[in-house]
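To keep things clear, I will list the structure first and then write my remarks on it.
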Amino acid sequence: MDMQFGSEDLAFRDEVRQFIADNLPVDLKEKVQRGLHLGKEDYEFWQKKLNERGWFAPHWPVELGGVEWRPTQHYMFQNEQVEGYCPSVMPFGVRMVAPVIFTYGNDEQKQRFLPDILDSSVWWCQGYSEPGSGSDLASLQTKAVRDGDHYVVNGTKTWTTLAQHADWIFCLVRTSGEGKPQEGISFLLIDMKSPGIEITPIITIDGSHEVNSVFFTDVRVPVENLIGEENKGWTYAKFLLLFERSNSLTGGLKQQLHRLRSIAAQELTNGQALLDEPGFAARVADYEVQLRTYDALELRTLGKTEPGAEASYLKILGTDLQQLASELTLQAVGYYGNPFIRDALVLGYNEPSVGPDYAAPTAPQYFNYRKTAIYAGSNEIQRNILSKAVLGM
Amino acid sequence: MDMQFGSEDLAFRDEVRQFIADNLPVDLKEKVQRGLHLGKEDYEFWQKKLNERGWFAPHWPVELGGVEWRPTQHYMFQNEQVEGYCPSVMPFGVRMVAPVIFTYGNDEQKQRFLPDILDSSVWWCQGYSEPGSGSDLASLQTKAVRDGDHYVVNGTKTWTTLAQHADWIFCLVRTSGEGKPQEGISFLLIDMKSPGIEITPIITIDGSHEVNSVFFTDVRVPVENLIGEENKGWTYAKFLLLFERSNSLTGGLKQQLHRLRSIAAQELTNGQALLDEPGFAARVADYEVQLRTYDALELRTLGKTEPGAEASYLKILGTDLQQLASELTLQAVGYYGNPFIRDALVLGYNEPSVGPDYAAPTAPQYFNYRKTAIYAGSNEIQRNILSKAVLGM
Amino acid sequence: MDFSLSEEQQLLKDSVQRFVREEYELEARRKLVASDTGYSEENWAKMAELGWLALSLPEEYGGIGGSPVDTMVLMEEFGRGLVVEPYMSSIVIGGGFLMAAGSAAQKTELLPKLAAGELKLAFAYAERQSRFDLNDVECKAEANGDSYSLSGHKGVVFHAATADKIIVSARTSGGSRDTDGITLFLVDNNASGLSRRDYPTVDGLRASELEMDGVAGTPLGAVGGGAALMDQVVGQAIAAICAEAVGCMDVLQETTNEYLKTRVQFGVPLSKFQVLQHRMVDMFMECEQARSMCYMVNLKVDEEDQVEREKAISAAKVQIGNSGRYVGQQSVQLHGGMGMTDELHVGHYFKRLTMIDTMFGNKDHHLKRYADL
Amino acid sequence: MDFSLSEEQQLLKDSVQRFVREEYELEARRKLVASDTGYSEENWAKMAELGWLALSLPEEYGGIGGSPVDTMVLMEEFGRGLVVEPYMSSIVIGGGFLMAAGSAAQKTELLPKLAAGELKLAFAYAERQSRFDLNDVECKAEANGDSYSLSGHKGVVFHAATADKIIVSARTSGGSRDTDGITLFLVDNNASGLSRRDYPTVDGLRASELEMDGVAGTPLGAVGGGAALMDQVVGQAIAAICAEAVGCMDVLQETTNEYLKTRVQFGVPLSKFQVLQHRMVDMFMECEQARSMCYMVNLKVDEEDQVEREKAISAAKVQIGNSGRYVGQQSVQLHGGMGMTDELHVGHYFKRLTMIDTMFGNKDHHLKRYADL
């Protein structure tokens, strides 16, 4: 038993750090560091840089563009990206639909879709949730009816993150009403330029536009866009959910801690730094202890080859910590959590900040982070899963 | 709207205080104040004193020995008893079986049982729970089979508090297996001296003997000991549960706070009083705020004539606070929560105390208070009740 | 001991409920929030007409002489409606300072106008370094004969843009954080040397940063006696905002309960899941606890005994903060994705409750204050 | 990065499990707890025979030279069995001090005996005023030529009654709570001037109060250098007790899960109630978190970087305290009345976990220590 990273791991870490230092522009780093809004071009820029280095899709099979990394390298790579304030990788293509395609898709689909994902020339979004199907995903009603060599798709998807930027959407659709709800679902890839698709933005409580509703009216989708077998989509969706949940959160949590500590060191109370006030110091220490625990827990799962039940508890505990950090950070800025100047969240805003320059994103982030306990299977659903899968209840 | 006690209430409070000052012996007060074990004779002594003054059964109908008090007087009386460190009144006779008898019993039963309860010459205990029936009380299996003018009772009751001191037990027994489980239950009064009754002590994790198992083997109970109608016992039991839960807890919580503050003022940390250490001070303040809230909540319910749903949330919140106070008190004594000298919990123990004299009861009380969230309908059951009764879920 | 409303209070409650029902539909409020001033002058005039602006003001100056409980009744319904008019700034705080410390001339001049809706006030106290300490004041006021000249920065001044006069705390003597030496001043919003930067807040209100460079101010209350005065009036403001929070919480609790009963997942309403049932019970209990402390603080806010009064105020603010946090967060969580949308009311109540915790010191601040009292 | 046990560790684990299965049935433990010494000398001899007492001690002195992780494996199983033998006092702490600071002569004389089960040690550090501060030492040690004479009171000294020698912290210079000037001494249990009051503890162990009036003591380690030494060895003891706690928690989690599956109420097993399912998931997650921190601290307890080492130790103690509290309390609650009885194991694990939080500073203490590091 040991918790040391080997010298090869450490050398790799230095390599990643050097790469980030050489390639991440200062203003992009600043946007991330200050929690400002990023545009599509920001993500694209960084993804292309990573791809040039061969690091954009490390978890893919080597023959398709992946790298044979040890679990510790994946862990380090993700953490260095976050600690270096790199834009996060948009997961919908490379981390979500791609594993489904290379695991369950046919050769033609692999050749057609994977290269465009790899070079970030095609953006994907996820069509899972529907207005009537939230935690009960299997109850989804968007229908795909076979008509010759096409499916005709009708229905509504919602909470579709960044659909406004996406070229393609991967959808769960109902192809059969027979049997259990899970048994009639298929996994379909749909071109967002298809006639009959309409996108409506959903503004969230933090004032941002991340998610959308996507309406399908008689959208014709070629049958060659079906992944695997008809009516087996639930199997692929479950596989994908595990991937979605198995993203390392430790790096992001550490970044939140850095920001919290930095803010609390600058904020004053009774003439001293807030970070030195015993009550607030205890709250920060409590967060740090929980974060160390989370890190140790995540490190223990690194050896596992397949993501399993631990994905569920890492999701619950990790999102709890994301929310806690955002709440403490909002508390740290005191009255300056109140001002809401939408433009101040964009780099290049030329007015001086209202109050300290770190204050503007704190309340929107706190509000926005409420989503983390809801999305990707709410934390209540994760507990249902764990009670059955791990505890056999 | 006002929260003032009227001058009549305040005069009454002074009267109660004077009565306690005149009648409560110093050593008995000390036992209560220090959290030591009380014997049957201690309870009896004080109950008789109260009865001499006409204050032992204030909630009874006046013609049977009650007093016509305003709700504020009941509240003040209970609080003054606790704040004055009087022994608590054993509820099983006067507060539990008596209301059932005077509400649902016949005249003969009233004349036979109530006077002995009033003068504390007969002690009662409660035969509700069974080994297989905890939260699901209605599943109870103790059978009473009619045989001429007797019932023959067979079965086991458990968690019977102070059965070792009791002369009589009031029992829920199954008289019919027809219909819903609730429909075949009867309410029976049983003389503990009846042949076929055996008592086995249950030692709890704090090392004390409060509860017992009571075994019934062919116990013959005269039919005139049946309360109300056969198979209607569930109705009487529910009525009684409301009474059981509606006891004011504020006074006891304040007493716990006094003890906590007193201990934390004497304990040292880093050369200063623990009560002045910011972290512990914040915990105590947090408890005080919750206690103030509880008090305000309880005062709001005083006006209600019948105990209702608020009995459930007062039970949940009140027992949470009892547990919290006992936990903080244990924390306050630090290492001196460890020693366990059973005899030190009895007044008159002549050895010097191990560590500070207030330390000995802290751990046993913390352990013992875990019961409060379990008994009288666990806090989970109370939430079930509230979600249906108040929220209509 | 009586927790029922008087007949007049019940009438007032009904009347505010009617106003909220008629003027505060989601869309109507959205327009108010997006408007130039951030609220409606028509609503303000209506509030004057209905006597609400006069409610807490003394009868001899055109007011009605109502009690804190009367204000509580009003504020609770304002909370239920997420009302954005500057009642707290102008009437509870502005009116509160005038009543507590105004000279006879100031009262005579200003209170009738306030009651009639012809005058609006704001209160500037927070500074960049002050956090929640009302006495951490670095703004300076220099005496020039009978008049004073104020300089310094004030932050997050609610409803400053639309106020006619701003009540400003400034130091006439003593060092930072001294209790002695703080004085309150009335400053004209169009006074020379005063510059303002206005902005919206995350919960749909308006606030401003003030820069003062030799702004003329008239003392309100005794010179150097501002600390005690602020304790008193901010205490009243806290009692009032507790009521607003209770209104917000009750709406969230009711709305969420309703949502769970109608939202079907896995073939049954969400309200049939025991975990959500218990969560709702906990939310319900938080609401009941918050309401109890709201009653308590409004009945004790003018209590003579200073320690008991301040303990009551801080205890209430702590409880409201804890309850509001739980009810707000859980309402969003139980609404799932819908709770995250700007479209539903849920998120707006949640945001307001979040910011109410910040107002006049958050729960951590008041817990510490309680412990220190 | 590897969290698996080595083959030797797995064998050790199996061997301790067998011992616990054979010697630690509920009734057998109850008898041990009620016996004169509070544990079994036969068990102790068996532990010596199996090499467990030698496990962490250096090979050159008759030990096996095991790592903290080896001790962790052992302690976790001791936790699962609620083992009452004085392993922590004698081997982890006593042996730890000897290894860290014993002179060559002391090591040569004492370590082989310790490994062979012929010597037992105890550690006396707490005082009435010290709370959890190891450096809050008022016991005095006066030098008389080469020897020292100790006076003062020590409280809650675990397993003092059966120890041959007691390691005592006393002040050779400096004032109360000074880091400098504390020295550790070896004191014979039958030394003149030493009086002991022995008692059982709430979790089934034994402890004593010591009164010292001119008791002869031999320095262990550098005179005046006791503080750093205690930091080091108590750190190791914390790492070991974390493992014991993890063992306790896992048993409670498994037992409670089993109970809910077999206990039928309302016609179904309790395990079918969603609220209890989620509660069990939370208990399970606490166990996993505690185990993670237990691994972490045992891998870092000898780390060079002092701040990082002490942060790891305090963080682990906080997590273990929080997890142990939750798992312990909920196990009793979910067992209902049965959890309250002395008859079931549940309450005994709960009590042990409660007291483990107290050992070497509770979670509040270590949270503060973490923040101050």
Side-chain angles (χ1 to χ4, degrees), chain A residues 129 131-139 158-159 181 202-208 210-211 267-271 274 277-280 283 323 327 330-331 333-342 344 351-352 354-356 362-364 366-368 370-371 373-375 378-381 383-384, chain C residues 126-133 136 155-156 158 176-177 197 199-205 207-209 263-268 270 273 275-276 279 325 328-329 332-344 346-348 350-351 354-355 357-359 361-365 367-368 371:
Chain A
S129 296
S133 305
S135 12
D136 182 12
L137 183 56
S139 70
T158 193
W159 316 128
I202 298 174
I203 304 301
T204 44
I205 54 177
D206 55 317
S208 73
E210 283 183 352
V211 288
E267 285 289 318
L268 295 177
T269 183
N270 200 26
L274 180 61
E277 190 271 312
F280 202 81
R283 286 187 191 277
Q323 295 191 334
E327 190 170 353
L330 173 58
Q331 279 179 20
V333 301
Y335 291 123
Y336 281 100
N338 279 284
F340 180 63
I341 302 172
R342 200 182 301 256
E351 307 280 321
V354 171
T362 55
Y366 169 65
F367 299 140
N368 182 273
R370 304 314 304 168
K371 74 185 178 193
I374 297 169
Y375 65 24
S378 73
N379 288 4
E380 288 83 3
I381 292 289
R383 284 186 169 84
N384 285 350
Chain C
E127 299 184 6
R128 184 64 196 83
Q129 83 295 338
S130 70
R131 203 165 172 78
F132 302 127
D133 182 358
D136 192 337
V156 199
F158 282 93
S176 291
R177 303 194 297 281
R197 181 174 177 198
Y199 49 81
T201 65
V202 291
D203 51 351
L205 301 181
S208 306
E209 303 292 294
R263 172 80 172 171
V264 173
Q265 294 282 276
F266 306 102
V268 291
L270 288 179
F273 290 92
V275 159
L276 308 188
R279 199 86 59 86
R325 171 180 183 271
Q329 292 182 349
V332 172
Q333 179 70 19
L334 296 188
H335 273 83
M338 289 308 296
M340 287 298 297
T341 63
D342 190 64
E343 195 186 327
L344 250 64
V346 174
H348 299 273
F350 165 56
K351 291 195 279 187
T354 303
M355 288 302 135
D357 181 44
T358 299
M359 297 301 300
N362 66 10
K363 59 188 157 49
D364 285 0
H365 170 81
L367 191 63
K368 190 170 182 315

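Every chain is numbered from 1 and lettered A, B, ... according to where its sequence line falls, protein lines coming before strand lines.
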Between A:G355, A:G337, A:S378, the one whose heavy-atom pairs under 4.5 Å with chain C are most numerous | A:G337
Return the minimal non-hydrogen interatomic distance between A:F280 and A:L274, and the atom names on each side.
-> CB-O, 3.6 Å
Return the option, out of C:S130, C:G347, C:G361, C:G336, with the maximum number of heavy-atom pairs under 4.5 Å with chain A.
-> C:G336
Pick one of side chain, backbone, both or neither for C:K351, based on which atoms fall under 4.5 Å of a heavy atom in chain A.
-> both
Chain A interface, residue from C:D133, C:V156, C:N362, C:L344 that has the most non-hydrogen pairs under 4.5 Å = C:V156
If you count heavy-atom pairs under 4.5 Å between each of A:S129, A:A138, A:G134 and chain C, which one has the most?
-> A:G134
Between C:H335, C:M338, C:R263, the one whose heavy-atom pairs under 4.5 Å with chain A are most numerous | C:R263
Which residue out of A:E327, A:E351, A:R383, A:R342 racks up the most heavy-atom pairs below 4.5 Å with chain C?
-> A:E327
Of A:G334, A:P356, A:S133, A:P181, the largest count of non-hydrogen pairs under 4.5 angstrom with chain C goes to A:P356
Greatest number of non-hydrogen atom pairs under 4.5 angstrom with chain C, of A:A363, A:G207, A:S135, falls to A:S135
Give the member of C:K368, C:R325, C:M359, C:E343 that has the highest number of heavy-atom pairs under 4.5 Å with chain A.
-> C:R325
Partners meeting ring pair (Phe, Tyr, Trp, His ring centres under 6.0 Å) with C:F132 (sequence neighbours left out) | A:Y335, C:H365
Output the option from A:I202, A:T269, A:N379 having the highest count of non-hydrogen pairs under 4.5 Å with chain C.
-> A:T269
Please flag which part of C:T354 lies under 4.5 Å from any non-hydrogen atom of chain A: side chain, backbone, both or neither.
-> side chain
Which heavy atom in A:S208 sits nearest to a heavy atom in A:N368, and how many Å separate them?
-> OG-ND2, 4.0 Å
Portion of C:V264 that has a non-hydrogen atom of chain A nearer than 4.5 angstrom | backbone
Contact part of A:A373 toward chain C, heavy-atom cut-off under 4.5 Å: side chain, backbone, both or neither?
-> both
Does the side chain of A:E277 come under 3.5 Å of the side chain of A:N270 through a donor N or O and an acceptor N or O?
-> no
Side-chain heavy-atom pair A:N338, C:F158 within 4.5 angstrom cut-off = yes
Where on C:E209 is there a heavy atom nearer than 4.5 Å to chain A: the side chain, the backbone, both, or neither?
-> side chain
Grab the two heavy atoms, one from C:T201 and one from C:D203, that are nearest each other, plus how far apart they are.
-> OG1-OD1, 2.5 Å
Does any heavy atom of chain C fall under 4.5 Å from the side chain of A:E267, the backbone, both, or neither of them?
-> side chain
Side-chain donor or acceptor of C:Q129 paired with backbone N/O of A:L268 under 3.5 Å | no
Of all the heavy-atom pairs spanning A:P339 and A:V354, show the shortest one and how long it is.
-> CG-CG1, 3.6 Å
Contacting moiety of A:I203, where chain C heavy atoms sit under 4.5 Å | both
With a 4.5 Å limit on heavy-atom distance, are the side chains of A:F340 and A:D206 in contact?
-> no
Can you tell if the side chain of C:V332 reaches within under 4.5 Å of the side chain of C:Q329, non-hydrogen atoms only?
-> no
A:P352, part contacting chain C, at a heavy-atom distance under 4.5 Å = both
Donor-acceptor pair, C:H348 side chain versus C:D342 backbone, under 3.5 Å?
-> yes
Could you tell me how the ring of C:F266 sits relative to the ring of C:F273: parallel (under 30°), tilted (30 to 60°) or perpendicular (over 60°)?
-> perpendicular
Which bit of A:P131 is near chain C, if near means a heavy-atom gap under 4.5 Å: side chain, backbone, both or neither?
-> backbone
